[in-house]
Amino acid sequence: MANMTATQLDTSLPLSTLRHTAAHLLAHAVKDLFPETLVTIGPATDQGFYYDFERSTAFTPADLELLEARISELIKANLPVSRESISREAAIERFRNLGETYKVEIISAIPAESEITLYSVGGFTDLCRGPHVERSGQIGAVKLLSLAGAYWRGDEKNPMLQRIYGTAFATQEELDAHLHHLEEAAKRDHRKLGRELDLFSIEEDAGGGLVFWHPRGALVRNLIENFIREGLQERGYDPVLTPHVVSEQLYETSGHLENFSHGMFGPVEVEGQRFRLKPMNCPGHILIYRGALRSYRDLPVRYSEFGTVYRFERSGTLHGLTRVRGFTQDDAHLFCTPEQLQAEFESTVDEALRMMQAFGFSDFEYFLSTREHRGETDPIAEAAIRNALESRNLAYKIDEGGGAFYGPKLDINLRDAIGRPWQLGTVQVDFVLPERFDLSYRGADGAQHRPVMIHRALAGSMERFFGVLLEHYGGNFPTWLAPIQVVVLPISEHQADYAQNVSAELLKAGFRVELDGSNEKLGYKIRHWKTQKVPFIVVLGKSEVEAQTISVNARGVDEKRTPQSVASFIDELRANVTQRRN
RNA sequence: GCCGACGUAACUCAGUUGGUAGAGUAACGGUUUUGUAAACCGUCAGUCGCCGGUUCGAGUCCGGCCGUCGGCUCCA
């Protein structure tokens with residue numbers, strides 16, 4: 001009966017409200033079980049909620065179970081949630097008396113005109129803006145998920161707090177579904193798939209964040225790069241190649257040393273001269289541009305490079321392929337006249353979308369990241385970005401101060417298997433580096449003018465893109481990208497010659513074929529190659545040899561196909577690959 | 001870097017209160033000649049992340065370092 005009511009209410013209830021209350025229940029439980037703990041903040045997130053605590057002893061996984069049990073009791077008790085408005089002085093007084101110093105600090109930071117509210121549930125009262133559900137019973141199910149450290153106010157100069165992550169839903173069924181989803185997502189973790197499919201590795205002996213591409217992974221990456229190259233060629237980009245180590249002087253001129261040194265590897269000294277591993281490709285491309293006189297007739301100049309860069313990342317931040325210390329950008333720099341800026345920027349955005357769609361991505365988030373210290377050219381640069389987004393009806397968010405040091409940028413983000421967002425493509429407008437390097441072109445008026453630069457990487461980094469792509473496909477690369485497209489399985493030794501012929505024919509037709517003549521039963525081989533996620537398995541037994549046909553088993557298709565000719569299968573494969581079917 | 005957890009065979013993992021390391025998979029050899037997701041038998045396989053300490057004795061306890069994982073922070 002009570003459940004009915006709760007369910008009815010919940011359908012109109014934002015999940016975030018419910019989770020916010022769940023966070024309060026967590027704090028309630030923590031104060032019950034570990035009264036010496038200080039509370040700080042506990043918001044809802046898009047996956048659940050967390051609450052940050054200060055306590056000298058670390059919480060243990062066993063503590064989470066106790067807390068979860070306590071929370072369940074609080075939910076069962078169906079406690080009312082009450083709201084109370086209070087004066088600033090009374091609020092400070094109250095939390096000071098409780099010794100809740102973090103809360104006092106929060107109150108002091110609340111703007112003078114804002115109302116200060118307290119929310120109480122059971123025996124626990126928290127400073128909170130709300131809103132909350134009316135009764136604790138409206139939270140159907142809570143699960144505490146993990147423990148983590150988090151700096152107070154996200155600043156590493158501040159004390160480290162203990163964060164407890166959890167999630168909550170209106171019903172147990174929804175929670176179970178969510179937990180199931182997390183399990184499924186973990187199965188497509190690119191680090192796991194990378195090992196299982198033998199695509200890449202990160203070697204302890206070589207250092208974290210440095211990727212070793214194994215033959216199959218390198219093959220797929222090359223296919224992706226070739227696809228990107230085709231698009232670049234169509235759009236008038238000229239490939240260039242630049243050194244991985246250059247004189248530090250170059251980065252002094254570019255401003256990287258001043259603005260980006262935190263992201264650079266330290267200097268290497270050779271014959272008394274300091275060199276640096278390149279953290280970005282732009283200065284190199286600029287040198288090529290600057291090496292000759294340029295006319296407005298030459299513009300836009302478009303230089304592209306799969307440029308490998310090295311950036312210092314703190315050890316704790318490294319993550320598979322998606323956060324590394326050495327990576328290759330599908331980078332390009334356009335040098336254009338101010339008049340050309342808008343059109344060039346827009347066509348770059350179109351190219352980015354076209355490319356992402358070719359890989360079956362459609363769910364992006366766009367960010368306009370402005371510079372931390374805006375200059376007089378920023379409004380022009382930002383306008384180019386805004387116009388491009390708005391004319392394409394793309395909703396975007398502003399990331400204040402998130403831009404590069406040389407200009408604002410458009411960032412295109414995607415989420416990985418478990419919902420973590422990753423920045424992939426980026427298109428940036430730059431008036432600063434042309435100035436720093438004193439770039440010019442001769443205009444129609446005979447005078448020297450300053451070009452504008454566009455920096456762009458569409459996949460972003462090949463490593464991260466590959467990692468996200470791997471999760472996106474769950475390891476089931478479409479045929480055009482699959483490292484092995486077809487496996488030929490003779491049922492017994494008697495079909496060995498025929499299998500040899502069939503695989504030779506497929507190889508000759510240009511496909512990536514593996515012949516498995518191992519001494520195993522068919523079922524075993526099928527299973528083996530299915531787990532390797534090969535798109536097509538060709539089975540050859542006695543009847544196929546007699547009829548000169550092949551039996552094709554396509555990935556994801558359960559029905560048994562009627563045997564067909566090799567020629568018809570080749571046609572099918574060809575169509576599949578040229579259309580880049582996903 | 002910081003907080004927490006973890007590190008045992010190529011992979012996934014067992015290993016009681018300290019007594020000298022085990023399973024499944026893979027690999028290799030053999031038997032079998034196989035019809036759509038795991039045939040059978042056998043063999044090999046580990047400096048228990050590294051260094052140091054406690055102890056008669058350390059995978060197990062303690063300290064330091066390295067790495068991985070979950071986060072914080074930052075970015076492609």
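As the structure is a computational prediction, the values presented were derived from the model and not from experiment. Here is the naming used below: chain letters follow the sequence lines, and residue numbers restart at 1 for every chain.
With rounding to whole Å, A:Arg163 atom CZ is found 18 Å from B:rC2 atom P. The CD atom of A:Gln495 sits 14 Å away from the P atom of B:rU36 (whole-angstrom rounding). Straight-line distance from the NZ atom of A:Lys192 to the C1' atom of B:rU12: 9 Å, rounded to whole Å. When rounded to the nearest whole Å, the span between CG of A:Leu540 and C1' of B:rU33 equals 15 Å. Per the geometry, NZ belonging to A:Lys521 stands 10 Å off P belonging to B:rU34, to the nearest Å. Nucleotide B:rC75 holds its P atom 8 Å from the CZ atom of A:Phe260, rounded to whole Å. Atom CD1 in A:Ile550 sits roughly 20 Å away from atom P in B:rG35 (whole-Å rounding). As a whole-Å value, the separation of A:Glu225 CD from B:rA76 P is 19 Å.
Side-chain atoms of A:Glu520 and A:Ser518 include no donor-acceptor pair closer than 3.5 Å. Looking only at atom types and distance, the side chain of A:Glu54 has no donor-acceptor partner in the side chain of A:Trp152 under 3.5 Å away. Between the side chains of A:Glu365 and A:Tyr396, no donor-acceptor pair of N or O atoms lies under 3.5 Å. Side-chain contact check for A:Gln428 and A:Thr426: at least one donor-acceptor pair (N or O, by modelled atom type) lies under 3.5 Å. A:Ser551 and A:Glu544 form a side-chain donor-acceptor contact under 3.5 Å, judged by distance and modelled atom types alone.
Of all nucleotides present, only B:rG30 satisfies the Watson-Crick or G-U wobble test against B:rC40, with each distance under 3.5 Å. Using the Watson-Crick or G-U wobble rule with both distances under 3.5 Å, B:rG67 pairs with B:rC6. With a 3.5 Å ceiling on both atom-pair distances, B:rC48 lacks any Watson-Crick or G-U wobble partner.
Within 4.0 Å of A:His528, counting heavy atoms only, lies no atom of the nucleic acid at all. Among the protein residues, A:Glu559 comes within range of no part of the nucleic acid, since none of its heavy atoms lies under 4.0 Å from any strand. Counting any heavy atom pair closer than 4.0 Å across all strands shown, A:Glu520 reaches a base atom. Using a 4.0 Å heavy-atom criterion, one finds that A:Glu313 contacts the bases of the nucleic acid, with or without backbone contacts as well. Among the heavy atoms of the strands lying under 4.0 Å from A:Glu156 are primed sugar atoms or P, OP1, OP2 only; no base atom is included. A:Lys157 comes within contact range of no nucleotide atom at all, as no heavy-atom separation falls under 4.0 Å.
Comparing B:rU34, B:rC3, B:rG35 against the side chain of A:Asn519 picks out B:rU34 as the nearest. Counting only heavy atoms from C-beta on, A:Arg311 has its side chain closest to B:rC75 among B:rC75, B:rU34, B:rC72. Among B:rU12, B:rA26, B:rG35, the nucleotide with an atom closest to any side-chain atom of A:Tyr524 is B:rA26.
An aromatic stack links A:Phe327 and the base of B:rA76, using centre distance under 5.5 Å and interplanar angle under 30°.
A heavy atom closer than 4.0 Å to some atom of RNA chain B occurs in A:Ala58, these being the qualifying members of residues 54-69 of chain A.
Cation-pi geometry between A:Arg163 and A:Tyr50 is met: the NZ or CZ atom falls under 6.0 Å from the ring centre, inside 45° of the normal.
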